Structures are given as structure tokens and as C-alpha cells.
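Input: a single structure, listed below in C-alpha cells.
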Amino acid sequence: MTALGKDLIGLEALAPEQIRLLLDTAEPFKEVSERPIKKVPALRGKTIVNLFFEASTRTRISFEFAEKRLSADTVNVAATGSSVSKGETLVDTAKNLEAMRIDMVVIRHGASGAAQFLARRIASNVINAGDGKHEHPTQALLDLLTIRDKLGRIEGIKVCLVGDILHSRVARSNLWGLTKLGAQVAVCGPRTLLPRGIEELGVTVFRRIEDAIAWADVLNVLRLQLERMEAGFIPSLREYYRVFGVTAERLERAPQELLVMHPGPMNRGVEIDSRVADGAHSVILDQVTNGVAVRMAVLYLLAGGKPELADAAKRGAPD
Amino acid sequence: MRPLLLRGGRVIDPSRGYDQTADVLIDDGKIAAVGAGVGAPDGAEVRDVAGRIVAPGLVDVHVHLREPGNEDEETVATGARAAAAGGFTAVCAMPNTDPVTDNQAAVGFIVRQSVRAGFARVYPIGAVSVGQRGERLAEMGEMVGAGAVAVSDDGRPVASGHLMRTVLEYARTFDIPVADHCEEPTLAAGGAMHEGLVATRLGLKGIPAAAEEIMVARDIVLAELTGGHVHLCHLSTRGAVDLLRRAKERGLRVTAEVTPHHLALTDHACEDYDTHAKMNPPLREAADVAALRAALKDGAIDCIASDHAPHAYDEKEAAFDDAPFGIVGLETAFAVAYSELVPGGVLSLPELLRRMSTEPARIFGLPGGTLAPGAPGDVCVLDVSDVWIVDPTRFHSKSRNTPFAGRTVTGRAALTVVAGKVVHDAGAGAGR
């Protein structure tokens, strides 16, 4: 058993010190990606399956880079299934993976709980790369790392998650990670896209984006999916942008230190103004860079790597 | 058949307020005598049941037996066997079979299968609408003629207010209840569990309490309009209980049931994505459980029903969203209800037995629910000192989907008698 346990399913189940350990372990791995030869032998001989039941570009590639830079052998499986066949597929997939004696599985699945479902049934380490509306822990970890990089700390920082909280696994993981590390968390979005009982989790709710901007040190702007409009949660994307869009005009009076984050992929002109996404407040590309380091840290620690040896791991395999 | 004398038990007959140590004699399929020192006629089988409870056989007005259509999950025979093991002598089978039980031939088939099986009595409930499609009335008169005791579109709630009005009016001719699964479909669509903080944390779409309460309210209004008998199935919310109380205060023909699991569990049982805690209506909050218990105590809720819903093991072996709703309940209903309600003083044992035998029989117009001489010889002998651990592999039901696996419970049927015949004898090693 590692300092994290067998799997990384979500941040809700982690203790603050485990989250800090992950962030601290990511630090030395950042440098690996800056080298001409971007490879260390830490996971040599390990086999990892990237099992993506949902389309993903950024997260899948980020994991794949993390795995390859740690010298693991990787296989990508892109499986799509109807919602009825999902469960059966998942059971059968689990059994088949188990039979092939792999070491780790990175899973992305449309059903909440899918990662845990798999983790309960196989001995390999399971890393949740996003399950339904439940959690996306590595995204939240890279968000935390980016905040810590830019602002020097997480404790006491005011972070507002903006947009579709109801359907967002990124929001849930961020909420757990941020509150566990002592940040103040708020949400802002149309009431139709905020989950019932969110206040009971110690979260402030802003009705107006202007109020959120005036309050926050960090805005984490979530992707608004077109399906939400089609399902009637909001009248139109146009109106959404006018009422909740993070625009340059709205940020004008914000202090220079205010960070704007986005987990991607962005809908420019819907939840975020291009001028903001590409502007001085934006740390969106830093998030992407940190994503690889955080995922290296997760893989390394779950594989049994010793945190204090992460530095040494860059030079040779851990003992 | 030999007469059967149950000697020396604590005889509880809620229908007559009877509660004392006595003998019960069943002869010719009927209750022949109840009292102290009833003699055994020549050739009678005598069972010493001292220390046990002798009560009218339990009656469950809401079960799913899956035949025809899903015989791998349950059949009329296995369901009736499971019922007998749970102390039930009569159950009402919901019509969401495949094909739907929406005509006299289908109703007759279920009756024949149950007679052939010879365990608990099975009373079919006919569909409200043809194919449970919520469009055209099914042939209710013919179904009643074939043995149906109620109509329902359980599992496929009646969305149309017009259809519900019509069925309530039409059912008055036959004086049968309309068993009403209250769920406003657009509010419940896509939901997997109770809408609340647990659903938020798990990232699962919730079914708001309002989805149930809106339909409860609608159908109470329609009961008033039509004078029909609305039987509210498996109530789960405190708001629904409030609406029910007001309807009863006004003297409307509204009755209601609650399941043992809604009395015992909350939405926290869904944590860890336990698909055995996925049912419809969903497990709600502690305040709802408290309201349901209070309503059962004061009689606003008339009876307990299991909503026994068998599913194949691999159907529940899935992501929460993909698993079907429902759990089996016939073999745990009495034990769960007893353990949850009686030791803690929510109900006395006679009150519990009233809610599990006398009242369900009365509101559905079924024989039984009483030990009055001349009544059907349907009796259960219960051991309320039997502390046991729920082990689904020992169920007589074909299915194992229960959230109570591993739970220590108290109370079990020792003997179940239908029409004077022993159909379950826990002491005889009849179980698997």
C-alpha cells in the first residue's frame, strides 16, 4: 500500500496531507518535461492501460505523456458503448484487464462511480480520469498546483467556480481539494446549473458574476456544454454569455493578481471571452503544463514510488 | 386434509384486538376455533408453538413476480415460495410483466400458476392501460372476472390526468383500488436516486421529492372528483405524508403503503454507488423516514408492502446509472420491519401485524388478515426471538438483490399455513 492507497478515485476521500503530498511530488517532475530528453525510468516495466469510454483529447494525451515520460508501457483503449451496454462492458472489461495482468488503469467513463466500480474489481491501480458527474481528481490537482505556483499558497485563497456546477466533475473535485487545503470556495452560475444542497458543503453562492469577480482571487471557469441549452437548463448560449460570461469588461476593475483558469476545452464567446482567455489574467496554459507533472506524481506514488525519492527518481529507478 | 392445531402460542389477531396465549385450530381450510384449551380433533396434526407468535398470514399488496417474461429473475412459483418463507400467505402481483398483464387471459395465467405452485396465494393486479402505455383503458371488468383484485400501471406511472380520472371512475363499478405509483415523469426523468446532498456528492442525477408529491396531490384531487379508491404505492416523502393526512381528514378514499426499506434506510445507503440501494421511489432523508414511521404509527399510512422487485445479479453488477431500480423484499420484510419498528417502540407487535396483515387485506378486499372463525386458514407462526443475519444465498427467491445482506435482524416466520396446509416450515429444513 502506498501513501495514497491502491487507487485515485476522487479527492473527497483524500486527507489534506495526501493532497499536499501529491502536489509536492509533482514539483520535481515538472523539470523532466523541460529537458531535451524527457524521460526518467521510474515506471520502467509497468504496463498501463488508458481506458477511455468517453471522448477526450487533452486528458488522455496528458496522461499518455506522463506515462511515457516515466518509461511505462502504455496501451490506449477507446471504447464507446450505448448507455445500456455500459455496465456489461465495464464488468467484462474489468475481468479482461485483470486477466492480462496489467499494473495500472486510467479510466474515463460517462457514468458516475465507474472508476470505483472498476477499482473494486481489479487488483491493479485505478486512476480516475473523470467519471460522469462525480470527480476528475487529476484536473483538480493541476488546478491546485497552478494556484499554488502563482499565488504561493492555497490556504485562505478565494476561488470561485463559474458555470455549470451541476454536471461538472471538475467542480466537485475542485471543491473537495480546495476546501481540504483551506481555500474559500464559491460558485456562480444560473440556479438551474447549481446542485441542490451545495451551500451545505460550505460553499458561498454568488447570483451575479460581477459579485463573484469582486470577491475572488481565482475564477475557475467551467465549460458550458451545448447540451445544457438543448436540455432547457438555460435559454440560450447568447444569454448565458451576457449574464454569466467572464468578459474583459467585467474583469476591468479586477485586481491584477486575479487568476482566470479553465479546465478546457474552452467555448470562446460562451463562458469566456477570448480576450480573457488569451489575456494577462489567464493561466490556462500553465494548467495544461502542470497537468503532466501532476499525473506523473499520481502514477509514481500509486506505483509505490517513495515521495522523498521523487527527485532521485528523475535520475534512476526507485529502490 | 388433516386438521391442524397450533397449540400454546401467543395468538395475535389485530382484526379483533385479540392477544393472548391460546390454541388455533384450522380445519377444512378455514379457521375453526381460537381459544384456550381447544381440543385436537381425531387425526389432527398438532404443533406446539409455545413461545411463538400466531397471527393471520401476512399480506403483501405490492410484489413483482416477473412471470411471464423474466422467469430467470422470478416466477410465480418461486415468488410465492419466497412469500411463504417470509410469513406471507397472500401477495398481489403487479402487472408489469412481459407481455403486460392487461387482459383476462394473462390474469388467469398468473392465477393458474399460483394454484399449481401451492405456496402463498397470488392475486394478480391488472394493468390500468393496454400495454401499460398510458393510452387506452385495459379491459378491467374481464380482468376482475379472471381474478384481478386491483389495477395499476406501477413502474410506468400514469402521466395522463385524463386517464387517471377515467380509471378511477371506471374502477368504481368493480369496487377495486387503483394502485398508484406516484411519479411525475418529467421531474423524475433520468434520476437515479433521491435529489439531495448525497446525490450531489456522488454526481448522480436526483429524483426530487416533488416528483412524487405532485402526483400524490393530483391523484388525491382526482379521488375527490371521482369518488374512486386511490391506493398510493410505496410512499417515500414527508410531503406526500402531509398530503395523505389532509386527504384522510377530509374522508377521501385514499389509502397508502410504505416499504420496509423506506422505513429503514436513507439515501446514505447509496454511497459507494451500492446498486442494491437503487430503487424507485428512491431512499430519501432521515426526516422522511421519521414522517413515514409516524404515519404508520397513527394509521395515516395503512400498510407495509415489500415492493419485491427481483433482478438478475448481473443487472445490478453495473454502474449506478445503468443498474435497474428495485430490491427483493419478501424474505426480509417482516424481519426488517420488526427490527426497525418494534424494539424501538415505534409500533407494538400487534400494531405491526395489523399493518402487515389485517389492513392490507381489508383495503384490497382480500380474504384473510383475520383469525375469526370461518376465515381462510391462512396463518403465520413467527419467532420474534430469532436473531439472524440476512444471507441472500439462502433466499427462496431466484434473485439476491437486497441492501440488507449481512444485516443482523430479529424475527422470522417459523411456519406459514395457507388454507390449512403448511407451505413453509423453517424447522423442517425445507429451506435450501
Side-chain angles (χ1 to χ4, degrees), chain A residues 9-13 53 81-95 107 109-121 128 130-136 165-173 175-176 187 193-203 227 231-233, chain B residues 72 185-213 237 239 266-278 282-288 311-326 401 405:
Chain A
I9 304 302
L11 298 193
E12 184 181 4
F53 289 87
S82 71
S83 90
V84 180
S85 68
K86 261 182 210 163
E88 294 152 356
T89 306
L90 203 50
V91 174
D92 290 339
T93 306
K95 289 177 179 166
I107 178 173
H109 197 286
S112 300
Q116 183 181 304
F117 182 93
L118 189 67
R120 290 271 167 87
R121 282 161 184 79
N128 184 5
D131 63 325
K133 296 173 286 181
H134 177 224
E135 287 224 37
H136 190 353
I165 313 298
L166 182 64
H167 301 97
S168 175
R169 52 195 172 213
V170 175
R172 282 169 182 73
S173 288
L175 200 155
W176 299 122
V187 297
L193 293 175
L194 302 183
R196 281 272 296 278
I198 184 89
E199 294 93 340
E200 291 170 58
L201 296 174
V203 171
E227 301 96 273
F233 288 98
Chain B
D72 58 323
T186 65
L187 282 172
M193 64 173 292
H194 171 63
E195 180 179 293
L197 194 55
V198 179
T200 292
R201 285 174 38 222
L202 293 175
L204 294 170
K205 183 160 164 44
I207 300 172
E212 175 168 323
E213 291 156 7
T237 80
T266 67
D267 58 350
H268 286 281
C270 300
E271 291 191 27
D272 287 340
Y273 301 96
D274 182 356
T275 56
H276 288 129
K278 181 176 178 180
L283 298 170
R284 304 283 184 184
E285 298 170 10
D288 298 300
H311 288 292
Y313 78 94
D314 53 352
E315 283 191 284
K316 286 283 193 179
E317 182 78 355
F320 201 89
D321 274 332
D322 297 330
F325 292 104
N401 49 308

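Given the structure is predicted, the values throughout are model-derived calculations rather than measurements. Naming convention: chains lettered A, B, ... in sequence-line order (proteins, then strands); numbering from 1 in each chain.
Judged by distance alone, the side chain of B:T200 and the main-chain N or O of A:R196 form a donor-acceptor pair under 3.5 Å. The backbone N or O of B:D272 sits less than 3.5 Å from a side-chain atom of A:Q116, completing a donor-acceptor pair.
Taking CD1 from A:I9 and OH from B:Y273, the interatomic distance works out to 9.5 Å, rounded to the nearest 0.5 Å. Rounding to the nearest 0.5 Å places CZ of A:F117 at 9.0 Å from CG of B:D322. The CZ atom of B:R201 sits 15.5 Å away from the NZ atom of A:K133 when rounded to the nearest 0.5 Å. For the atom pair NZ (B:K205) and CG (A:L166), the distance works out to 7.5 Å, reported to the nearest 0.5 Å.
B:G203 and A:S112 make their closest contact through O-OG, 2.5 Å (heavy atoms, listed as atom of the first residue, atom of the second, distance).
For A:R169, no part lies under 4.5 angstrom from a heavy atom of chain B.
When each of A:G113, A:G10, A:G132, A:P195 is checked for heavy-atom pairs under 4.5 Å with chain B, A:G113 comes out on top.
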